[in-house]
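Dropping the structure in here first, questions after.
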Amino acid sequence: MTVDSRPEHSGSLSFPNPVAWVRPSVSRNTRRAVNGLRLLGGLDRPRTGCTAHLVVWRRDRATLRRYRAGATGGRPPLLLVPSLINRSHIWDLRPGDSFVEGLLERGYDVFLIDWGVADQRDAGNTMSTYVDGHLPAAYAVVEELAGARPAVLGHCFGGVIAILWAATVAHQPPALVALGVPTNWAELGPLSKITQQGRIEPEDVLDDTGNVPPRTLLRAFQMLRPLGDLAGYVTLWDRLDDRRSAQAIWALTDWAHDHVPFPGAAFVEMINRLSRENGLFTGEVVLDGQVRELAAIRCPFLNVYGTHDHVTPPASVMPLAGLAGSERADTVALQAGHIGLLVGGTARKRTLPTVTQWLAEVLAAPQLAAHAAGAVDRVAARPQKKEALR
Amino acid sequence: MPPRLTTDWTKIFFAIEGRLSPRLERMTRSNAFLDAVAVANGMSRLTSRTVRDVGSGVRERLGLPSSRQVQRLQRSVDVLAARLSAGGDAS
């Protein structure tokens with residue numbers, strides 16, 4: 001039982017007046033019941049990934065989307081690279097709560113590579129399949145369609161793929177933004193500890209298809225915050241009387257429980273190269289017999305992390321900008337969690353303005369700067385130069 | 001300021017959760033917990049593999065298609081489709 005202090009109550013210990021409490025309580029619970037039944041019955045489930053787009057390229061299960069939504073030509077292109085383990089619609093969660101929508105509003109030509117749902121045909125896909133195969137192919141298509149080289153934004157493992165790709169190619173993107181990208185895997189907590197110390201071999205978690213099943217991924221993430229799911233459901237109950245809030249929580253909860261299989265060979269390689277050898281933190285990752293040095297990244301680089309991130313904690317993400325060889329490599333800490341970097345109020349008020357302001361500066365596009373400048377939350381964003389990290 | 005007891009159970013939950021979560025998170029990082037997870041994972045794999053093998057064996061003895069046969073067939077079809085696709089691309 002908790003206690004709180006309220007000035008209007010002068011008694012030593014007081015309970016609410018039953019009549020004054022019952023009426024609003026009945027009204028609120030009626031709204032909760034109605035909204036809850038609507039959601040459970042599927043009548044009011046939030047629609048996700050709604051921004052209009054065209055599929056402009058496809059290879060195996062991967063597709064490349066171009067978000068048009070009435071956009072005019074000549075906009076600077078951006079390529080978004082989602083993680084391999086979740087569905088990509090986190091970038092475009094709901095109308096009004098969409099990173100893609102925010103980028104379109106700020107004048108970008110937005111492309112997104114959707115990795116699709118891996119099946120047994122993808123079990124043999126290594127990290128090199130994505131770093132040297134799918135991503136450069138999609139990048140070339142964007143370049144051709146947009147008529148300019150796109151800047152690249154990667155989130156979580158999508159950021160790992162983008163960074164390793166940028167560390168490999170001579171043809172650098174005009175800018176690279178990493179959002180919540182795990183770098184020092186020794187700081188990742190139980191997820192890496194359990195495989196780093198040899199308790200579980202990566203091959204032990206593969207299923208009959210040769211991939212890591214979604215339920216294993218879900219359990220691994222649930223270990224990070226043991227009461228996280230329960231807290232989410234209590235929050236949903238608490239806000240169920242507000243239809244919009246309930247829809248927002250439902251959409252996010254649904255996404256967070258909807259993992260996709262992780263290609264087995266890529267998983268084994270990820271554990272060996274990134275977790276056990278801690279390759280990103282040492283600055284060198286060997287993939288497909290080729291050394292990828294982070295120091296080879298020469299383009300302007302922005303590393304963004306959330307101070308409340310449970311999945312990729314700040315200690316794991318912070319060193320990234322210092323490892324890139326870019327002349328301009330900045331680090332920004334935002335008061336956000338791992339997913340809060342892409343959705344919700346934090347994304348709208350902090351991540352989007354911070355990222356687009358930075359992009360406008362490095363891409364030297366004054367029309368973009370004008371869009372972004374008004375919205376930057378300079379209090380929340382604390383840019384640090386690479387030198388400050390070293 | 002005098003304290004007031006809250007009747008809102010969600011506040012009570014979050015107060016408890018706030019105190020309990022850091023302890024649980026520390027526990028999930030402990031060696032004992034990670035050892036237990038590794039053992040549970042091994043047992044679970046062994047059990048499910050045994051059940052699946054026995055089930056497949058019984059079905060195959062009865063002349064019915066088993067899941068492992070279907071998977072083998074599916075793999076062959078996928079390889080064939082990939083070869084055909086590669087051949088189509090080359091031509």
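Below, chain A is the first sequence line, B the second, and so on; all start at residue 1. None of the values given here were measured: they were computed from a predicted structure.
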State, with a plain yes or no, whether a side-chain heavy atom of B/Thr28 is found less than 4.5 Å away from one of A/Leu224.
no
Among the listed options B/Val39, B/Val79, B/Asn31, the residue most often paired with chain A at heavy-atom distances under 4.5 Å:
B/Asn31
By residue number, those in residues 70-77 of chain B with heavy atoms under 4.5 Å from heavy atoms of chain A are B/Gln71, B/Gln74, B/Arg75
Scored by heavy-atom pairs under 4.5 Å with chain B, the best of A/Asp119, A/Leu227, A/Asp207 is A/Leu227
For each of A/Gly189, A/Pro190, A/Gly228, tally heavy-atom pairs with chain B at distances under 4.5 Å, and name the one with the top tally.
A/Pro190
Is any side-chain heavy atom of B/Glu17 closer than 4.5 Å to one of A/Leu230?
no
Nearest 0.5 Å, what's the CD-CZ distance between B/Glu25 and A/Arg225?
6.5 Å
Which heavy atom of A/Ile200 sits nearest to which heavy atom of B/Asn41, and what is that distance?
CD1-ND2, 3.9 Å
For A/Arg28, does the CZ atom have more than 12 heavy-atom neighbours from other residues, nucleotides or ligands under 6.0 Å away?
yes
What residues, two or more places apart in sequence or in another chain, satisfy side chain to side chain donor-acceptor pair (under 3.5 Å) together with A/Asp132?
A/Ser128, A/Arg292
Portion of A/Thr235 that has a non-hydrogen atom of chain B nearer than 4.5 angstrom
both
Going by heavy atoms in the side chains, are A/Trp237 and B/Trp9 under 4.5 Å from each other?
yes
By side chain to side chain contact (heavy atoms under 4.5 Å, CB included), A/Ala265 pairs with (sequence neighbours left out) A/Thr126
In Å, rounded to the nearest 0.5 Å, how long is the span from OG of B/Ser44 to CG of A/Asp204?
11.0 Å
Going by the salt bridge (charged side-chain N to carboxylate O under 4.0 Å, His left out) test, which pairs reach into residues 35-54 of chain B, not counting sequence neighbours?
A/Arg199-B/Asp35, A/Asp208-B/Arg52, B/Asp53-B/Arg68
Residues B/Leu34, A/Met223; criterion side-chain contact (heavy atoms from CB on, under 4.5 Å); working and verdict
CA-CA 10 Å; B/Leu34 295 175; A/Met223 257 169 53; 4.2 Å; yes
Is the count of non-hydrogen atoms from other residues, nucleotides or ligands lying under 6.0 Å from A/Phe281 atom CZ greater than 12?
no
Quick check: are there more than 12 heavy atoms from other residues, nucleotides or ligands sitting under 6.0 Å from CZ of A/Arg239?
no
